[in-house]
> 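One structure is given below, represented as structure tokens, and several questions about it will come after.
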Amino acid sequence: MAKQIAILGSTGSIGRNALRVIDALGSGYAIIALSAHSNVELLAEQVRRYKPKFVAVTNPDYVAQLGELVGELDVEILAGPDGLTEIAKLEEVDIVLAAVVGAAGLPAVLAAAKCGKQLAVANKEPLVVAGELLVSEAKKNGGTILPVDSEHSAIFQAMQSGTREEVNKIILTASGGPFRGATVEDIRGVTLEQALAHPVWNMGPKITVDSATMMNKAFEIIEARWLFDMPVDKIEVLIHPESIIHSLVEFVDGSVIAQLGEPDMCLPIQYALTYPQRVAGISKRLRLGQIGTLTFEKPDFETFRALPLAYEVARTGGTAAAVFNAANEMAVEEFLAGGIKFVTILELIEHCLNKHDVKASASLEELLEADAWAREEVRIKSHKGISA
Ligand code: MG
């Protein structure tokens, strides 16, 4: 029997790459469900091609349009965020690939964990915002969480070299973003255009700004903390501008095992689908002879405040990371709209973290409440000024 895959967020970059990977994997894998927020034209094309039994449109305004586009096909259309959760819980689903942008996919991801599914997590929010809850639900219900984020996939792969007790620390690599080497002073003058130019990965504007502030790496520290049940002081960040080593694991004997590859999401996506097996696929091959030199630097915690803040947030636990994530999402939105300066993104996040009353061992409702509070706080402060 083919493994039945549900892709939450199939029209985004991860979703589209996942479909390419699944195409190449052949008959052992089938698409049973797809979802999109509003890009129903692409979703309709995907439905024609992959013939899923279920499809969810999370923005209810677009449901009717999809109905017109695929009306004659034998597919059940589900509407709204609840439709997404329904898909994640389907009896027939073996693997849920979660690639929904933002905190919107959280209830669905949690539902998949509660149903004991194999859960391939591609976006950062589930593990950042609800890592503690998600991991404990998966554990309780026999689910597996497999990372798709390239660094965490690398760590997960490197960890196969020993037992969990033999791991001494995790070394998370970072490209350093477009402002690598910048000083605190340089960062003050950064424009929107400068923040949107990334040297290695070609990504959407939100993720590109997260790379410029190094917030993406900050999130990855928190992700790793939950995914690998690793105290944060055993997680280290290493700047590696070429993005060829995707991360490393140091074992107790001093041996360091790394995973290398071209910067290409197809490999981590595929590994999360075929684990514990490895199969031939469409990933680009690494030619180290042509690359020649790999370089490394220590991260600059003074210029990139997101990094030390992430350690604090991970140590605090509870609702702190939900605030960290939501404040960032909202502040980046304000920055992209031209409402605030680049440096103000981190100032707003720090403001929210200082003002927030942390709740320990938070439920999904409490996490979403903290998320909503931080968004509103950023919205108010970005229009009135932080000191107001
Ligand atoms: Mg990453």
Side-chain angles (χ1 to χ4, degrees), residues 113 118-124 126-176 214 216-240 242-261 263 265 267-278 286 294 296-299 301 306-317 320-321:
Q118 179 173 331
L119 188 54
V121 183
N123 60 319
K124 299 190 188 328
L127 281 159
V128 171
V129 175
E132 188 175 9
L133 187 61
L134 184 62
V135 168
S136 85
E137 286 296 348
K139 215 179 200 174
K140 228 191 304 180
N141 298 290
T144 342
I145 301 177
L146 296 166
V148 175
D149 206 348
S150 59
E151 292 79 359
H152 302 80
S153 175
I155 294 162
F156 184 66
Q157 292 181 55
M159 278 194 170
Q160 312 296 319
S161 299
T163 65
R164 174 62 185 75
E165 291 66 38
E166 290 164 357
V167 172
N168 188 44
K169 68 176 177 190
I170 284 172
I171 304 163
L172 198 60
T173 55
S175 75
M214 291 199 73
N216 66 333
K217 209 49 57 179
F219 288 149
E220 287 175 4
I221 294 168
I222 301 169
E223 266 185 275
R225 188 260 170 270
W226 296 116
L227 204 45
F228 304 111
D229 188 21
M230 188 61 75
V232 268
D233 56 348
K234 298 240 173 203
I235 303 170
E236 215 173 88
V237 175
L238 177 68
I239 305 296
H240 167 45
E242 295 82 10
S243 298
I244 295 297
I245 298 181
H246 297 307
S247 278
L248 317 90
V249 173
E250 186 191 281
F251 288 88
V252 282
D253 59 358
S255 196
V256 177
I257 307 286
Q259 189 263 339
L260 290 74
M265 285 311 293
L267 185 58
I269 291 170
Q270 175 172 309
Y271 191 65
L273 297 176
T274 66
Y275 173 82
Q277 281 161 330
R278 288 186 185 275
L286 183 60
L294 297 179
F296 308 94
E297 292 163 21
K298 281 187 179 166
F301 276 35
L307 298 175
L309 280 179
Y311 283 94
E312 258 181 68
V313 165
R315 268 184 218 111
T316 307

> Apply side-chain hydrogen bond (donor to acceptor under 3.5 Å, both in side chains) to Q270 and list each qualifying residue two or more places apart in sequence or on a separate chain.
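With neighbours one apart ignored, the set is empty.
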> Give, for atom CD of Q160 and atom CZ of R278, the distance between the pair rounded to the nearest 0.5 Å.
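Atom-to-atom, Q160:CD and R278:CZ are 8.0 Å apart.
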> Is there a side-chain contact between L267 and H246 in this structure, where contact means two heavy atoms from C-beta onward sitting under 4.5 Å apart?
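Of all side-chain heavy-atom pairs linking H246 with L267, none is under 4.5 Å.
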> Is there a side-chain contact between L119 and L134 in this structure, where contact means two heavy atoms from C-beta onward sitting under 4.5 Å apart?
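Heavy-atom side-chain distance check passes, below 4.5 Å.
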> Show the nearest heavy-atom pair for residues V121 and P126, with the distance to one decimal.
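The pair with the smallest heavy-atom distance is CG1-CG, 4.0 Å.
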> Out of curiosity, L248 CG to F296 CZ, how far, rounded to the nearest 0.5 Å?
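These two atoms lie 7.0 Å from each other.
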> Considering residues at least two apart in sequence or located in another chain, which fulfil the ring pair (Phe, Tyr, Trp, His ring centres under 6.0 Å) criterion with Y275?
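Ring pair (Phe, Tyr, Trp, His ring centres under 6.0 Å) list for Y275, sorted by chain: F156, Y271.
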> For residues 221-232, pull every pair meeting side-chain hydrogen bond (donor to acceptor under 3.5 Å, both in side chains), keeping only residues two or more places apart or in separate chains.
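side-chain hydrogen bond (donor to acceptor under 3.5 Å, both in side chains) check on residues 221-232 returns no pairs.
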> Looking only at heavy atoms, which two atoms of A272 and L146 are closest? And how far apart?
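Smallest heavy-atom distance, with atoms named: O-CD1, 3.2 Å.
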> According to side-chain hydrogen bond (donor to acceptor under 3.5 Å, both in side chains), who are the partners of E297, at least two apart in sequence or on a separate chain?
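side-chain hydrogen bond (donor to acceptor under 3.5 Å, both in side chains) check on E297 returns R180.
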> How long is the span from the CG atom in N216 to the CD1 atom in I221, to the nearest 0.5 Å?
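Atom-to-atom, N216:CG and I221:CD1 are 10.0 Å apart.
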> Got a list of side-chain donor-acceptor pairs under 3.5 Å for residues 250-259, not counting sequence neighbours?
| unit_1 | atom_1 | unit_2 | atom_2 | d |
| --- | --- | --- | --- | --- |
| E250 | OE2 | N168 | ND2 | 2.7 |
| D253 | OD1 | S255 | N | 3.0 |

> Does E220 reach the side chain of M214, with side-chain heavy atoms less than 4.5 Å apart?
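Sidechains of M214 and E220: no contact.
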> Any idea which heavy atoms bring I245 and T173 closest together, and the distance?
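Distance-wise, the nearest heavy atoms are O-OG1, 2.8 Å.
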> Does some side-chain heavy atom of P263 sit less than 4.5 Å from a side-chain heavy atom of I244?
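Counting from C-beta outward, I244 and P263 do come under 4.5 Å.
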> Can you list the residues that meet the side chain to side chain contact (heavy atoms under 4.5 Å, CB included) rule with A321, with sequence neighbours excluded?
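Testing A321 for side chain to side chain contact (heavy atoms under 4.5 Å, CB included), a comparison that skips the adjacent residues, returns V128, I222, V313.
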> Kindly compute the distance separating OG (S243) from CD (E151), expressed to the nearest 0.5 Å.
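So the OG of S243 and the CD of E151 are separated by 8.0 Å.
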> Apply side chain to side chain contact (heavy atoms under 4.5 Å, CB included) to A224 and list each qualifying residue two or more places apart in sequence or on a separate chain.
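Listed in chain order: H152, F228, I235.
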> Output all residues satisfying side-chain hydrogen bond (donor to acceptor under 3.5 Å, both in side chains) with N141, sequence neighbours left out; order by chain, then residue number.
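If we apply the side-chain hydrogen bond (donor to acceptor under 3.5 Å, both in side chains) test to N141, skipping adjacent residues, the hits are E137.
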> Not counting sequence neighbours, which residues clear salt bridge (charged side-chain N to carboxylate O under 4.0 Å, His left out) with E166? List them please.
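Applying salt bridge (charged side-chain N to carboxylate O under 4.0 Å, His left out) to E166 gives none.
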> Supply the atom-to-atom distance I155 CD1 to L227 CG, rounded to the nearest 0.5 angstrom.
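Here the interatomic distance stands at 8.0 Å.
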> Does some side-chain heavy atom of I239 sit less than 4.5 Å from a side-chain heavy atom of K217?
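In short, these two side chains do not touch, never coming nearer than 4.5 Å.
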> Once side-chain hydrogen bond (donor to acceptor under 3.5 Å, both in side chains) is applied, do any residues pair with S153, and if so which ones, sequence neighbours excluded?
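Only Q157 meet the side-chain hydrogen bond (donor to acceptor under 3.5 Å, both in side chains) criterion with S153.
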> Could you tell me which non-hydrogen atom of A122 sits nearest to which non-hydrogen atom of V148, and how far apart they are?
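Taking A122 first and V148 second, the nearest heavy atoms are CA-CB, 3.7 Å.
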